[in-house]
Amino acid sequence: MALREHQRAGSRVGDRASRILGGPGGGRSLAIATLSTAVVLTALGLVVVTSPGWPEVRESFFYGPEFRESFPDILEQFGTNVQLFLLAEAFILVWALVLAVLRSLPGPVFFPLRLLSAAYTDVFRGIPTILLVFLLGFGVPGLQLSGVPSSQFFWATVSLVLVYSAYVSEVYRSGIESVHPSQEAAARSLGLTQLQALRHVVLPQAIRRVVPPLLNDFIGLQKDTALVALLGVVEAFRQSQIEVAGSFNYTPYVATAVIFLALTIPMTRLTDWLIARNRRRELARA
Amino acid sequence: MSFVELEGVHKSFGRNEVLRGIDLTVEEHEVVCLIGASGSGKSTLLRCVNLLEPVDAGRIVVGGTELTAPGVDVNRVRREIGIVFQSYNLFPHMSVLRNVTLGPRKALGLSRAEAEQRADELLARFGLSDKRDAYPDSLSGGQQQRVAIVRALALRPKLMLLDEITSALDPELVAEVLNVVRELAAGGMTMLIATHEMGFARDSANRVCFLDAGRILEQGPPERIFSSPTEPRTQQFLARIVEAGRL
Ligand SMILES: Nc1ncnc2c1ncn2[C@@H]1O[C@H](COP(=O)(O)OP(=O)(O)OP(=O)(O)O)[C@@H](O)[C@H]1O
Ligand SMILES: [Mg+2]
């Protein structure tokens, strides 16, 4: 009985998950899905290709030789994006967790910490990322303080960490709040301190639940690494600008987009898959 | 001096006064059952004894330590008092073994090997050895509740608080859990038990306390409470239980 419930719940989620992909249930609907996809894509393709400006657009955005020439250079500079992303991500994961934990400490003693953490997330979620990148990237090195790094790569990383940690700490916090208080009570009743209960009982469950939304934020972060081009840091996007300036052809932008997509699409798929799996588990448990 | 002493314990949630002056003693090795209607304050009382809820007024003394004194080390107190909840509250992300060893390792500072040895002994004693590496959601309700009891026992508490630990179970699973409690009682464990299982209270308790609207209205040996209660409210409560076929 319980097993049957479980399977039914499972297949319902399966339907929903495959619906995202426009997916088919049986053989007949597979055929229909394929056909309608083909029709829609062909129609869209025709609209673009028969448009009056298409020949010119094709020349300037989809020019094969230019693509082949610029792609390796852009890919090489994409290493900077990856480096920036990985570095920022490591700091964000830790710093955001600190913020979320500070914010969830109970009692009047911790009020100032809760307030500071809340103010931090409000401010950095409210500032457009691009503005912060400009302010820190040009402002701080401009101060010419000794002992303060003047590297623009450094300040670009700091900007992304500040903004994204504000988002990620909210994600963590929603995870912490989703763990039922009875779990903490059970841990405390075993004589664990509040920190031990948080560390061993609350956080492991909270983090497991927020992996999909965390990944979502990291897809955003991967894309926003392109913002550091504004500071003159050479990365994929900046390199494509250089290539475009040299050839007066926009194809390098398309090449950059392809490179970003190659990284973000697998991550997006993984995120969706994890979300579907989590939902399946929740249903199976209920 | 009794092992557990409560004096004039008051507790309110906002304007809802849930405990209105509880006086209660439990002797060492005594099993005391709390009965009473839903909402009469049984759970709140147990949670106060374990300091999961701070009391508003009154004194609670366990094993000579006044828990309600200012500056008392709550973590130390809790290590000596085990509590088991109606809803098991096992940690779903941990195996049975880790559920049971968490307290001894983190709160008592036992080594992993020591804690696991202790856990294995207890799991064997309660017929759960084969579930050692299972996760809670693969266990039946009865098994989960027995693991929850073992988890509390792993700290070697001097007092066990059981809060309606069979209410969430299918009827055929109630017996296996109650047998565990009977065995603990036979082994001399001091227990304070909130229960709706009147049959269990009658055959296993040394004393039964009837809680009504946050007060202990009547208490005494089970034979007397169940056969000749003096308070009209107790009579009404028991009459309803009999009507429902639960006694
Ligand atoms: N954390 C809380 N916040 C607010 N009110 C609470 C809280 N816990 C309990 N109460 C209230 O206290 C009263 C007594 O609850 P309690 O759980 O102690 O009763 P009980 O005797 O255990 O009932 P039951 O037999 O249904 O378990 C109820 O009115 C309940 O709504
Ligand atoms: Mg209760």
Atom [atom1] in [X], atom [atom2] in [Y]: separation rounded to 0.5 Å?
X: A/Gln183; Y: B/Ser87; atom1: CD; atom2: OG; value: 9.0 Å
X: A/Ser189; Y: B/Arg151; atom1: OG; atom2: CZ; value: 6.5 Å
X: B/Asn75; Y: A/Arg188; atom1: CG; atom2: CZ; value: 5.5 Å
X: A/Leu190; Y: B/Ile81; atom1: CG; atom2: CD1; value: 12.5 Å

Residue [X] excluded, over 12 heavy atoms near [atom1] under 6.0 Å:
X: B/Phe13; atom1: CZ; answer: yes
X: A/Arg125; atom1: CZ; answer: yes
X: A/Arg199; atom1: CZ; answer: no
X: A/Phe91; atom1: CZ; answer: no

Mind checking which of residues 97-136 of chain B sit less than 4.5 Å from chain A, heavy atom to heavy atom?
->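 Expected list: B/Leu102, B/Gly103, B/Lys106, B/Ala107.
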Identify which part of B/Asn50 has an atom lying under 4.5 Å from any heavy atom of chain A, answering side chain, backbone, both or neither.
->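 Side chain only.
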Considering non-hydrogen atoms only, spot the tightest contact between A/Pro204 and B/His93 and give its length.
->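 Nearest heavy atoms, A/Pro204 then B/His93: CB-CD2, 3.5 Å.
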Structural part of A/Gln196 lying under 4.5 Å from a heavy atom of chain B |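 Side chain only.
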Among B/Leu155, B/Val77, B/Leu51, which residue forms the greatest number of heavy-atom pairs with chain A at distances under 4.5 Å?
->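 With the most close heavy-atom pairs to chain A, the winner is B/Leu155.
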Pairs of heavy atoms under 4.5 Å with chain A: top-ranked of B/Val84, B/Ile83, B/Leu90 |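 Going by pairs under 4.5 Å, I would pick B/Leu90.
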Does B/Phe91 offer a backbone N or O that forms a donor-acceptor pair with the side chain of A/Gln205 under 3.5 Å?
->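 Side chain of A/Gln205 to backbone of B/Phe91, a donor-acceptor pair under 3.5 Å: no, none is there.
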